[in-house]
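One structure is given here, and the rest of the page talks about it.
Chain A is the first sequence line, chain B the second, and so forth, proteins listed ahead of strands; every chain is numbered from 1.
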Amino acid sequence: MSEYTAKDFKKGQPRWCPGCGDHFFLASLQKAMAEIGIAPYDTAVISGIGCSSRLPHYMATYGMNTIHGRAAAIATGCKIANPNLTVWQVSGDGDGLAIGGNHFIHTNRRNIDLNMILLNNRIYGLTKGQYSPTSPRGFVSKSSPYGTVEDPFRPAELCFGARGHFFARAVATDAPGTIEILKAAQAHKGASVCEILQNCIIFNNGTHESVHTPEGRAKNAIYLEHGKPMIFGENKEFGLVQEGFGLKVAKIGENGITEKDILVHDAHCEDNTLQLKLALMEGPDFPIALGVIRDVEAPTYNDAIEEQIKDVKSKKTYHNFQELLMTNDTWEVK
Amino acid sequence: MSEEIKLMKGNEAIAHAAIRCGCDGYFGYPITPQSEVLETLTEVEPWKTTGMNVLQAESEVAAINMVYGGAGTGKKVMTSSSSPGVSLKQEGISYLAGAELPALIVNVMRGGPGLGTIQPSQADYFQTVKGGGHGDYKLIALAPASVQEMADFVGLGFDLAFKYRNPAIILADGVIGQMMEKVVLPPFKPRRTDEEIVKECPWAAVGKPKNRKCNIITSLELDPAVMEKKNLHLQEKYREIEANEVRYEEIQCKDAEYLLVAFGSSARICQKAVEMARAEGIKVGLLRPITLWPFPSKVLNQFANQVKSMLCVELNAGQMVEDVRLAVNGKVKVEHFGRLGGIVYTPDEIIEAMKAKIM
C-alpha cells in the first residue's frame, strides 16, 4: 500500500481553460503517482513550453518548466545526473514533436529511463490556434485558413521508428485508462511513451470526439491487455484477426469466427510489426487502440553505462597511480 | 489604391508590406506577440497573387535555415519571431552573415531572459547589435517606432540587405507589433524575375545560364590567411555601411538643454514626455536612433557639445546606454532609465526619472 494520496502531489490552482484536457490528465497523474508510491521529493516533472507545460507548477514534486521542445533533453540530463530521481517528462504535440521531434526520437533510441507523456490535442493552444505536427492533412487553423497541405506525425510511428520499447495510449477523460498506462510506464524500465488523446475546448474542440465519452470508447476503441484476445465493441462482438499482412475486424459468430480465432495481444513481442499496426488503427474501419501497446524489456542507458564501467574496471591492469604510470611502454633514462 | 489609409496592427503591416515589396518567401513559427505575421500571410494567400510562398516551419531553427536556403537562391526571403525564437535563430543568422547572404529577420521583442513573459521589452538590443551569434559580424538593425515604420522598414530592410549582401533585422517589440495605427502600405512592387536575379545576384544558386561559373555559398574557410581576408572584407563592408546608412530622428533637439535617447516604442513614449516637459518649461529633446547598427554615434557626440546631460530610456536594464556613452565619450553625463519584465513606463515616470537622474 502506498503511503501517499493524490493530495500529496497537488499544488496550486491550474490556469487552464475550463474543460481543457490538461485538467483531466493532471488529476490522473496525481492519482497514478499516489498509487505508484514514489515520494514526491524523489520525483521530478519536467516540461517544455505550451499550455500543458504549465503542469509542473501544479505538482508538489520537483519540477522544471523549461525550453520549447527541449524537455526530453533536459529530462535526460536530469536522469543521467541523478538516476535516483523518477523523472516524468510532459510535453504537448507542439513541444514534443515539432521542435522537440529530434529529442523525442533520440531519447527513445538512447533508452533513458524516463516516463515521457505526450499530450496530443493536435493544435498549438498557447499561441492561440495554429496547426501542429499532429494536425490532420487539410486541417483548418489560424495558420492554415484554407487547410494544411502536410501529413501529420503519428507518435507511435516515431516512437517505434526510433526503436522505442514502450508505447501506450489513453484518452484524457478516461481516468482509469490513463492511470493504468501511467503505472505501466513507471513499471517499465527505460524510455516509455504515453500518448494522451485530449481535447482543446477552445481551438480544436472535438478532435478526439469518437473516443471522448465512455459510450464512444465502448464503440470506437479497443482496450488492449497483454495476453488477452483483442475483443471490442459495445457487446464485445468484434475482434481483431490477421489477414495477409494486415489486421481485420471480424464479427464473432459470423463466417465461422469464434473467440479462438481472435488475435491475442502480445505487448512483450520484440518484433513491433503487429504492435505498430495496432497503434496506427483509426476509425471508422478500425477501433482506436488504448492501453499498453508495446512494453518490451531492454537495457536502459544508465544500466548499460554502469555495466560498461564495471566491465572496463574488471579488465584494467592498473588500480593505483603507480600502476597507471607503468601501464604502457616505459623507458629508463640513464 | 496604394495611398489608401488603413488601420492595422504592426504585425499585420509587416505581412502586407512583405507581399507588396516583392518578397518571395516567408518562413515562420507561431510565438506571442508576433504570430499575426504568419497568420496574416496565410490568410491573404499571396501564393495565389504575387507567387510569394508562406510556410509554417517545425521550429524557429528550421525557419531561419529555410531562409538560409532561400537566400542562397538570390530570392527575397524573410522570417519573423519573438525573443526566445530569435535566440534559436542566432546560428543561422551568423551563417547568413558569414556567407554574405541578404535576408530579413523580424524580432517582435518580449521580456526575457529565458521564457520570460509575453509582454513587451527591448532587452534584445545587445543580441541584435553586438552579435547574438558567434563571430565578427553585424546585422543592419532597423528600429520602427510606429506601425507605418513596420510597413516601411520591410522594403528598406530588403533593399539594404541586398545592397550590402548582409542580413537585416527589424527590431520591434510587443507594443509596436500589437498596437493598431493608421498606415499607408507601400505600393505593389513585382517580385523579381529569374533573369533579374541572375543579373543582380551573380552569386546566387539560380541554375542558369549554362555557361555560368559554379559558386559554393559557404561561411567555411580552413586556411586562416584566406579567412582573415574574408573577415577583413566583411569589416570593410561594415565600415561602408556605418558611413552610409546611419538613420535617426531628431525631435525638438535644436534648443535642447537635455536629451532623451530612445528607440522604438520607448521613443514614442518619450515623445509625449518631451511635450509634457516642455509645457513645464524644461528644454528637452529626443534623439531616436532608427538604425541601431549602424549607430548614430556622430550626431550624439555632437549633441554632447550642446546639451547638459542625456537620459537613455529603454525597456531593459541598460543596453543601448553603453553605445550612447561610447558615442559621447565622457563629454556629458549619460544615465539610464528602464523598466523590466514587460512593464512599460508612462511619460510621467520618464520626466520624474529625468529630474532625478540628469537635472
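- Within a 6.0 Å sphere centred on CZ of Arg137(A), heavy atoms belonging to other residues, nucleotides or ligands number more than 12.
- Dense packing is recorded around OH of Tyr58(A), with more than 12 heavy atoms of other residues, nucleotides or ligands lying under 6.0 Å away.
- Smallest separation of non-hydrogen atoms from Tyr29(B) and Gly94(A): OH-O, 4.4 Å.
- Of the N and O atoms on the side chains of Gln130(A) and Glu39(B), at least one donor lies less than 3.5 Å from an acceptor on the other residue.
- The two residues Thr42(B) and Ser144(A) come nearest to each other via the heavy atoms OG1-N, 4.4 Å.
- Glu58(B) CD to Leu97(A) CG: the interatomic distance, rounded to the nearest 0.5 Å, is 11.5 Å.
- Judged by distance alone, with hydrogens and angles left aside, the side-chain atoms of Tyr146(A) form a donor-acceptor pair with the main-chain N or O of Glu43(B) at under 3.5 Å.
- In the displayed structure, Phe9(A) atom CZ is contacted under 6.0 Å by more than 12 heavy atoms of other residues, nucleotides or ligands.
- At least one side-chain heavy atom of Lys128(A) sits less than 4.5 Å from a side-chain heavy atom of Thr32(B).
- Checking Leu41(B), Leu38(B), Leu55(B) one by one against Ser143(A), the side-chain contact (heavy atoms from CB on, under 4.5 Å) holds for a single residue, Leu38(B).
- For Phe139(A), the CZ atom counts as densely surrounded, since its 6.0 Å shell holds more than 12 non-hydrogen atoms of other residues, nucleotides or ligands.
- Within a 6.0 Å sphere centred on CZ of Arg163(A), heavy atoms belonging to other residues, nucleotides or ligands number 12 at most.
- Atom OG of Ser35(B) is separated from atom CG of Leu126(A) by 9.5 Å, given to the nearest 0.5 angstrom.
- Counting heavy atoms of neighbouring residues, nucleotides and ligands inside a 6.0 Å radius, atom NZ of Lys182(B) does not exceed 12 of them.
- Note that the OG1 atom of Thr40(B) and the NZ atom of Lys142(A) stand 11.0 Å from one another [nearest 0.5 Å].
- Across all non-hydrogen atoms, the minimal contact from Ile31(B) to Thr127(A) is CA-CG2, 3.8 Å.
- Using a 4.5 Å heavy-atom cutoff, the side chains of Ile67(A) and Leu115(B) are not in contact.
- Within 6.0 Å of the CZ atom in Phe153(A), the count of heavy atoms belonging to other residues, nucleotides or ligands does not exceed 12.
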